[in-house]
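Every chain is numbered from 1 and lettered A, B, ... according to where its sequence line falls, protein lines coming before strand lines.
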Number of protein chains: 2
Amino acid sequence: MMFSKSCEYAIKAVIHLCMETRDGKRLSVADISEAIESPEPFTAKILQTLARHGFISSAKGPGGGFYIEKNAAPIVVMDLVELIDGDQAFNRCGLGLKECSEDHPCPIHNEFKSYSARLKKLLESKTIQQLAAEIKAGRAFLVNS
Amino acid sequence: MMFSKSCEYAIKAVIHLCMETRDGKRLSVADISEAIESPEPFTAKILQTLARHGFISSAKGPGGGFYIEKNAAPIVVMDLVELIDGDQAFNRCGLGLKECSEDHPCPIHNEFKSYSARLKKLLESKTIQQLAAEIKAGRAFLVNS
DNA sequence: CATATTTCGGATATGTATATCCGAAATATG
DNA sequence: CATATTTCGGATATACATATCCGAAATATG
């Protein structure tokens, strides 16, 4: 479990918004949770957090919903992960040591550090828009079958 | 969180046993949980599971405790992980898709697959005995400070 | 054989992520 | 202005990993 459920839903939701709201359309929580197969009220909470932090936009009232501004800057995947999961996913010792460093490494410190650092760098270079493009091209999927 | 708490304690406990019971000595739950800084009754459960599955040995009664047979085969770290955490840690889609494969990949499938496969292979090649040796040599640690 | 020690196994408690509920606020529409 | 729609925020519920408790079984020792 690299990411929490919340984080998985967040990534999926933003990808979906990115694909569906380019043209100014807005999506309700119901739309989104159905599309990404996530529980509706739980997804609502996550969307609200994302909106509060400016990753996505929202509008209340009829015809309202969530969306991404046309001229919005690309969203770095790692930024989403850090908002939702904090640095848990990547800065945590594999064996749970509070302080696990070069000077005081756990027995698998070097291995873990190397791999998590690589993955982190990768997620820092990927944007939601890039992932959305993969899906639009039919080379990747957000849900099963 | 790559591993569960249970799994972290399991790895630490077995490493500790490996270092301290070469000479036929046995360690009680109290000894072990103190050494690896883990909750005693919870650690007991994990040790019992490990014993039941033959990763370690146990003896009841006074002077009893847990230990590793002198002529026991080296313990592959990945085997421990698979017993305690199942294949959760390595065979799970980064975005939680039930079926995430070459044919039907999630947008980060390839990246995750590549990295988790490497890490898995690494843990399949590492033994508890090797990790214990690192600690004995003072190059790694099981607890803080 | 009585006792102390220790693991064993089942039941229970706690904490935290996950999930839901509900009333309030905002707003588009007629 | 009344109404329906939708997000917002706080409170509550659920599920599961984590942690604890307790009596029973085994066994070394005197």
Side-chain angles (χ1 to χ4, degrees), chain A residues 1-14 17 21 24-34 36-68 81 83-86 88-89 92 95-96, chain B residues 1-14 17 21 24-34 36-68 81 83-86 88-89 92 95-96:
Chain A
M1 315 225 202
M2 176 94 341
F3 301 139
S4 68
K5 277 290 177 200
S6 298
C7 195
E8 289 178 7
Y9 297 151
I11 294 171
K12 287 182 181 178
V14 179
L17 281 176
T21 66
K25 215 193 306 176
R26 294 162 175 186
L27 297 182
S28 70
V29 175
D31 293 334
I32 297 166
S33 63
E34 187 189 20
I36 69 174
E37 294 182 355
S38 63
E40 193 169 319
F42 191 55
T43 307
K45 285 291 182 214
I46 296 164
L47 289 166
Q48 285 161 24
T49 300
L50 293 173
R52 207 178 319 124
H53 286 84
F55 283 95
I56 62 180
S57 304
S58 67
K60 292 179 184 177
F66 296 92
Y67 60 102
I68 293 180
V81 173
L83 173 68
I84 306 292
D85 282 353
Q88 294 274 323
R92 195 166 169 287
L95 293 184
Chain B
M1 315 227 203
M2 175 95 342
F3 301 139
S4 68
K5 276 290 177 201
S6 298
C7 195
E8 289 177 8
Y9 297 151
I11 294 172
K12 287 181 180 178
V14 179
L17 281 176
T21 65
K25 216 193 308 177
R26 294 163 176 185
L27 296 182
S28 71
V29 175
D31 293 334
I32 297 166
S33 64
E34 188 189 19
I36 69 174
E37 294 182 355
S38 64
E40 193 170 318
F42 190 55
T43 307
K45 286 292 182 213
I46 296 164
L47 289 167
Q48 285 161 24
T49 300
L50 293 172
R52 208 181 316 126
H53 286 83
F55 283 94
I56 62 179
S57 304
S58 68
K60 293 181 185 176
F66 296 93
Y67 59 102
I68 293 180
V81 173
L83 172 68
I84 306 292
D85 282 353
Q88 295 274 321
R92 196 167 168 286
L95 292 184

Colleague: With a 4.0 Å cutoff (strictly under), does any side-chain N or O of Ser6(A) reach OP1 or OP2 of dT18(C)?
Modeller: yes

Colleague: For the residue pair Ser6(A) and Phe42(A), establish whether any side-chain heavy-atom pair is separated by less than 4.5 Å.
Modeller: yes

Colleague: Are any of the side-chain heavy atoms of Ile32(B) and Phe66(B) separated by less than 4.5 Å?
Modeller: yes

Colleague: Can you identify which nucleotide, out of dT27(D), dA19(C), dA19(D), has its nearest atom closest to the Pro62(B) side chain?
Modeller: dT27(D)

Colleague: Tell me: CD1 of Ile36(B) to P of dA19(D), nearest whole Å?
Modeller: 11 Å

Colleague: Counting only non-hydrogen atoms, which of residues 43-61 of chain B are less than 4.0 Å from DNA chain D?
Modeller: Lys45(B), Lys60(B), Gly61(B)

Colleague: In whole Å, I'd like the distance from the CZ atom of Phe42(B) to the P atom of dT12(C).
Modeller: 19 Å

Colleague: Give the rounded distance in Å between these two atoms: CZ of Phe3(A) and C1' of dA17(C).
Modeller: 17 Å

Colleague: Report yes if at least one side-chain N or O of Tyr9(B) is closer than 4.0 Å to OP1 or OP2 of dA19(D); otherwise report no.
Modeller: yes

Colleague: Could you give the CG-to-C1' distance, from Asp85(A) to dT16(C), as a whole number of Å?
Modeller: 14 Å

Colleague: Measure from CD1 on Ile84(B) to P on dA17(D) and round the result to the nearest Å.
Modeller: 13 Å

Colleague: Check whether any side-chain heavy atom of Ser4(B) lies under 4.5 Å from a side-chain heavy atom of Ile84(B), and answer yes or no.
Modeller: yes

Colleague: For Pro39(B), which contact category applies under a 4.0 Å heavy-atom criterion: base, sugar-phosphate, or nothing?
Modeller: sugar-phosphate

Colleague: In dot-bracket form, 5' to 3', how is DNA chain D paired? Count Watson-Crick and G-U wobble pairs only if both distances fall under 3.5 Å, and write | where the partner sits on another strand.
Modeller: ||||||||||||||||||||||||||||||

Colleague: Within this structure, what is the CZ-to-P distance between Phe66(A) and dT5(D), rounded to whole angstrom?
Modeller: 18 Å

Colleague: Taking the nucleotide of DNA chain C with the nearest heavy atom to each, does Gly63(A) or Lys5(A) sit closer to the 5' end?
Modeller: Lys5(A)

Colleague: A side-chain contact here means heavy atoms from C-beta on lying under 4.5 Å apart; do Thr49(A) and Lys45(A) qualify?
Modeller: no

Colleague: With rounding to the nearest 0.5 angstrom, report the OG to CD distance, Ser28(A) to Glu34(A).
Modeller: 9.0 Å

Colleague: To the nearest 0.5 Å, what is the distance between CZ (Phe3(A)) and CG (Leu95(B))?
Modeller: 7.0 Å

Colleague: If I take atom CD in residue Glu40(A) and atom P in nucleotide dA19(C), what distance separates them, rounded to the nearest angstrom?
Modeller: 13 Å

Colleague: Within this structure, what is the OG1-CD1 distance for the pair Thr21(B) and Ile56(B), rounded to the nearest 0.5 Å?
Modeller: 9.0 Å

Colleague: With rounding to the nearest 0.5 Å, note down the distance linking OG1 in Thr43(A) to CD in Gln48(A).
Modeller: 11.0 Å

Colleague: Just so I know, are the side chains of Leu83(B) and Phe55(B) near enough to count as touching, which here means a heavy-atom distance under 4.5 Å?
Modeller: yes

Colleague: Mind calculating the distance between CD (Glu37(A)) and C1' (dA19(C)) to the nearest angstrom?
Modeller: 17 Å

